[in-house]
Number of protein chains: 2
Amino acid sequence: MSLPNEQDPDEIALPDIGKLTGSLAQRVYEALRTAILAMDLPPGTILRKQLICEQLGVSRSPVTEAITRLAGEGLVEVVPQSGSRVTKFSMSEIHEGAFLREAIELAAVAKVAAERTEEQLSELTRNLRLQALCLEDNDEAGFYREDQRMHELIFSFTGYPKLNTLAAAGWLQVNRARQLLLPIRGRAQEAYEEHKVIIEAIRARDPEKARRAMRKHLSRLVTRLEPLIESRPDLFD
Amino acid sequence: MSLPNEQDPDEIALPDIGKLTGSLAQRVYEALRTAILAMDLPPGTILRKQLICEQLGVSRSPVTEAITRLAGEGLVEVVPQSGSRVTKFSMSEIHEGAFLREAIELAAVAKVAAERTEEQLSELTRNLRLQALCLEDNDEAGFYREDQRMHELIFSFTGYPKLNTLAAAGWLQVNRARQLLLPIRGRAQEAYEEHKVIIEAIRARDPEKARRAMRKHLSRLVTRLEPLIESRPDLFD
DNA sequence: CTGTGTCAACTAACATGTTAGCATTCCAAA
DNA sequence: TTTGGAATGCTAACATGTTAGTTGACACAG
């Protein structure tokens, strides 16, 4: 296998690692992960351990561990005895991630709809009101944050802590690709309406309705990603 | 956090790594994983890097990487600056793994039922006939192998290669705990009947029926694990 | 007997030296 | 011009030395 050097800048844009906490390996991991997801390290970028070491002021050990973990998540490809680079997008991986996410989240929302407590319901409706507030203020970023929060709430209400982690792992490629999309006018409002239906189904303790509503909600994004393979073929393999 | 040394044998039963292929880290990983899943390293066992290094004749690097990977799978706990040990069972983790597996496999079997080709169907029915043969011969091990194979086939027919990996990861704790159960007489026959229903649903291209049949099939095992927490409390935390 | 502080032994985490495999380059021969 | 192969420069993989934090035993005071 080969590693054609698509580009090799002498400087890489990496967040400062001093502000993070935890072990060095953990901090390096987060720094690289953030940079990859923000497309500061675009797909195809070759990762030079030595360069990263110098720039962050650490030795190769924590950098190696960080890259190993990123490879486990599918964000980095390691070619034995040769090199590592940021993975390109692959439409089939995106579809697989979306399928996985859908499988997990549909099961989660059905379980929550069946077993929810009053407390959980009021936390969800409170979150929904926050979303409405963000919409009124045209606060796109805030809406995105609360959107994400709603999904996390649903996962946490299942009582299964690792579910959110795994769903996020599957969703990772989708999220990375989403950075390339411009926000569509009116999409937030549309998403809000879909959220309302989901939470209404949870309120009514109707698992099947919750599943249907969630499925509809999730299917939106992937279809919007399809055109990317035409407009940015350099990012796919 | 503490690491009370539940037991510290001078010798650990580890498979020879000479017969395996791939990098040293990979071989050490497989050796440890096999030993843990076979309960040769029971829950609570403290892993001494140095000892493992000496016994396998390798340095600490590949052993460290192997343990890191096992920690990522949840088979090993690492206490910072202190030590590592084989994780004990936790009924909530088992439930979570089963939930995850169910979510993924129900989605998979529904997709396969909806989209299956004639070729795929005949591969499944061929597998089913193999199962019947094993039953006739009272070949429990063979039946278990073909059982597993059937689930792998279903995953692979979705066209999503990582699905099987993730479902297996979720199922890991369940499988480990299953080692403790004695095979129940007649269970294989029962499982075979359930498999027949699943494949019949796939033949009929009936996703909903396939889901129901698969759900019934999967739910069997977890309930059988429940009593373990009473009979072997030392393995739980 | 009980709680507390010191200290020794152990560990993971980190740093760094070494080895070996792959790819690219470039030059020479056909 | 093309091909093939030796040399070079890169890398991951592995080995090993160093550092610093945690545990747990033991002595000692209350």
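Proteins come first, then strands; the chains are lettered A, B, ... in the order of their sequence lines, and each starts at number 1.
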Worksheet item: E77(A) has an atom CD; how far is it from atom P of dT11(D), in whole Å?
Response: 17 Å

Response to the item:
Nucleotide by nucleotide, nucleotides 12-21 of chain D touches protein heavy atoms under 4.0 Å in the pattern (B base, S sugar-phosphate only, - none) BBSBBB---B

Worksheet entry | Minimum heavy-atom distance V76(B)-I67(B), with the two atoms named | CG1-CG2, 4.0 Å

Worksheet entry | Backbone of D234(B) reached by a side-chain donor or acceptor of K88(B) within 3.5 Å | yes

Worksheet item: Looking at CZ of F99(B) and NZ of K162(A), how far apart are the two atoms once the value is rounded to the nearest 0.5 Å?
Response: 13.5 Å

Fill in: Modelled atom types, side-chain donor and acceptor of Q173(B) and R178(B), under 3.5 Å
no

Worksheet item: K111(B): what forms a salt bridge (Lys or Arg N to Asp or Glu O under 4.0 Å) with it, not counting sequence neighbours?
Response: E115(B)

Item to complete: Mind calculating the distance between CD1 (I46(A)) and P (dC22(C)) to the nearest angstrom?
Response: 17 Å

Discussion item. Please determine whether side-chain hydrogen bond (donor to acceptor under 3.5 Å, both in side chains) holds for the pair N127(B) and Q131(B), giving the CA-CA distance in whole Å, both sets of side-chain angles, and the decisive distance to 0.1 Å.
Written reply: CA-CA 6 Å; N127(B) 173 270; Q131(B) 291 178 33; 2.7 Å; yes

Practice prompt. Please report how far the helix from dG3(C)-dC28(D) to dA30(C)-dT1(D) bends, comparing the axis fitted to its first five pairs with the axis fitted to its last five, to the nearest 10 degrees.
Written response: 10°

Fill in: Under 3.5 Å side-chain donor-acceptor pair for E54(A) and Q50(A)
no

Item to complete: Identify whether NZ of Lys or CZ of Arg in R176(A) sits under 6.0 Å from the centre of the six-membered ring of F89(A) and within 45° of that ring's axis.
Response: yes

